[in-house]
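Take a look at the structure set out below.
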Amino acid sequence: MQRQEQTGLPIRYVDRGEGPVLVLLHGFVGSADYWERVVPLLEGHFRCIVPDLRGHGESEAPEGPYTIEQLADDVLNLLDALGIEQVVLLGHSMGGYTALSFAERYPERLRAFGLVHSMPLPDDVAGKEKRTAVAERVLREGTKPFVEQSAPNWFAPNAATRMPAELDRVLQIGYGTKPVGAAGAALAMRERPDRGHVIRDSQLPILLIAGSEDGIAPPEKAFAAENAHTSKFVIEGSGHMSLFEAPQELARHIASFAESL
């Protein structure tokens with residue numbers, strides 16, 4: 001996907017298509033390229049803005065730790081720079097945490113929002129310890145060993161062996177994450193609060209998408225909060241990476257939701 005850069009902003013982004021604006025946020029050690037199989041299925045009907053979040057892809061990677069609020073504010077600054085008033089904001093995994101922070105503080109800038117393989121719940125004690133260990137590991141060893149060990153587990157069981165090209169693409173994207181960026185983002189996720197109330201109290205339409213085989217954000221966690229305006233879908237057979245495992249089905253749910261607004 002062709003990249004553009006807004007002068008004076010620390011993040012790079014993809015800007016494709018015309019129509020109502022969808023902002024698509026990637027997950028941890030990802031980049032805008034996480035959405036490369038989904039955007040072509042959407043850009044005929046929507047304008048897709050897909051940033052590399054702080055510390056990821058080709059965006060700047062300042063010293064951390066970061067906060068989820070900073071990631072959300074980077075998105076707000078991008079929208080301001082582009083002169084875009086309202087969007088549908090969807091986030092995958094860490095991008096979902098970012099979307100929730102944005103929705104909590106800037107709901108007037110949203111037509112709707114949603115989480116893709118994400119959840120409103122905070123890390124428990126063990127989860128926080130794992131985030132700290134990840135941050136320390138990537139600073140010590142670089143990002144590659146962590147990505148090589150972790151990425152196969154992001155797919156449904158046995159899916160990675162059935163999808164070697166997709167796994168390799170996820171690995172290559174992950175390798176491009178600077179260690180300081182990965183560490184800063186891991187610590188941001190460690191400190192995120194419970195944001196179930198953002199979903200429960202929102203007056204906006206909300207889209208929640210889970211994978212039936214997702215070991216990271218299984219449906220019971222992905223759907224931990226909802227309200228009367230919530231649309232929920234389970235992608236059968238998908239793990240945490242429907243962007244690669246089932247891009248057509250993911251794009252179909254996104255398009256149907258956005259077109260209904």
Side-chain angles (χ1 to χ4, degrees), residues 1-61 66 68-118 173 176-177 181 185 204-209 242-244 247 250-261:
M1 293 192 290
Q2 182 179 1
R3 296 185 181 279
Q4 301 181 46
E5 185 171 7
Q6 181 69 30
T7 302
L9 283 181
I11 60 174
R12 292 195 178 190
Y13 63 97
V14 171
D15 188 348
R16 293 268 295 270
E18 296 182 357
V21 180
L22 299 178
V23 176
L24 306 173
L25 307 180
H26 63 79
F28 182 57
V29 296
S31 74
D33 291 337
Y34 261 24
W35 293 93
E36 65 189 9
R37 301 178 185 215
V38 179
V39 168
L41 304 173
L42 296 172
E43 63 181 335
H45 301 279
F46 305 98
R47 180 182 178 185
C48 299
I49 306 293
V50 196
D52 288 345
L53 294 173
R54 177 186 295 241
H56 292 71
E58 297 178 44
S59 290
E60 290 184 4
Y66 309 153
I68 294 298
E69 290 72 29
Q70 283 178 319
L71 303 187
D73 287 347
D74 289 341
V75 176
L76 177 69
N77 291 337
L78 175 61
L79 297 182
D80 286 347
L82 295 174
I84 299 174
E85 275 301 311
Q86 284 195 319
V87 305
V88 176
L89 178 64
L90 304 174
H92 168 249
S93 196
M94 180 185 74
Y97 308 151
T98 304
L100 280 172
S101 174
F102 191 106
E104 180 176 42
R105 295 178 295 133
Y106 312 117
E108 71 281 358
R109 302 298 295 270
L110 298 177
R111 297 178 60 222
F113 69 94
L115 311 182
V116 178
H117 306 300
S118 190
I173 294 169
T177 309
L204 295 167
I206 299 169
L207 175 65
L208 302 177
I209 295 178
S242 68
L243 301 84
F244 292 89
L250 175 59
R252 185 168 65 250
H253 287 312
I254 292 173
S256 177
F257 174 74
E259 288 169 352
S260 72
L261 300 175

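As the structure is a computational prediction, the values presented were derived from the model and not from experiment.
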Restricting to non-hydrogen atoms, name the atom on [X] and the atom on [Y] that form the minimum distance, rounded to 0.1 Å.
| X | Y | result |
| --- | --- | --- |
| Leu42 | Cys48 | CB-SG, 3.9 Å |
| Glu108 | Gln86 | O-NE2, 3.0 Å |
| Ser242 | Val116 | OG-CG1, 4.3 Å |
| Phe257 | Val88 | CE2-CG1, 4.3 Å |
| Ala251 | Val38 | CB-CG1, 4.0 Å |
| Gly57 | Ser31 | CA-CB, 3.9 Å |

For the [atom1] atom of [X] and the [atom2] atom of [Y], what is their distance to the nearest 0.5 Å?
| X | Y | atom1 | atom2 | value |
| --- | --- | --- | --- | --- |
| Ile209 | Ile254 | CD1 | CD1 | 5.0 Å |
| Ile68 | Arg54 | CD1 | CZ | 11.0 Å |
| Leu90 | Ser118 | CG | OG | 11.5 Å |
| Ser101 | Leu71 | OG | CG | 8.5 Å |
| Leu207 | Leu89 | CG | CG | 11.5 Å |
| Thr98 | Leu53 | OG1 | CG | 5.5 Å |

Counterpart residues, ring pair (Phe, Tyr, Trp, His ring centres under 6.0 Å), relative to [X] (two or more places apart):
| X | answer |
| --- | --- |
| Phe113 | none |
| Phe244 | Tyr34 |
| Tyr66 | none |

Under the side-chain hydrogen bond (donor to acceptor under 3.5 Å, both in side chains) test, residues paired with [X] that sit two or more places apart:
| X | value |
| --- | --- |
| Gln70 | none |
| Glu69 | Arg195 |
| Arg111 | none |

Whether Asp80 and Arg109 form a salt bridge (side-chain N of Lys/Arg under 4.0 Å from carboxylate O of Asp/Glu) is what I want to check. yes
Within the supplied structure, the quantity of interest is the number of heavy atoms (other residues, nucleotides, ligands) at a distance under 6.0 Å from Glu18 CD; does it exceed 12? no
I'd like to check [X] versus [Y] (side-chain heavy atoms, cut-off strictly below 4.5 Å). Are they in contact?
| X | Y | value |
| --- | --- | --- |
| Leu243 | Leu250 | yes |
| Pro205 | Leu261 | yes |
| Val87 | Leu110 | yes |
| Arg105 | Asp73 | yes |

Worked verdict on Leu79 versus Phe102 for side-chain contact (heavy atoms from CB on, under 4.5 Å): CA-CA 12 Å; Leu79 297 182; Phe102 191 106; 4.0 Å; yes
Closer than 3.5 angstrom, by distance alone: can the side chain of Asp52 be matched with the main-chain N or O of Ala32 as a donor-acceptor pair? yes
Got a donor-acceptor contact below 3.5 angstrom from the Ser59 side chain to the Arg12 backbone? yes
Run Tyr13 and Leu82 through side-chain contact (heavy atoms from CB on, under 4.5 Å) and show every step you take. CA-CA 11 Å; Tyr13 63 97; Leu82 295 174; 3.4 Å; yes
For the residue pair His56 and His26, does the interplanar ring angle fall in the parallel (under 30°), tilted (30 to 60°) or perpendicular (over 60°) class? tilted
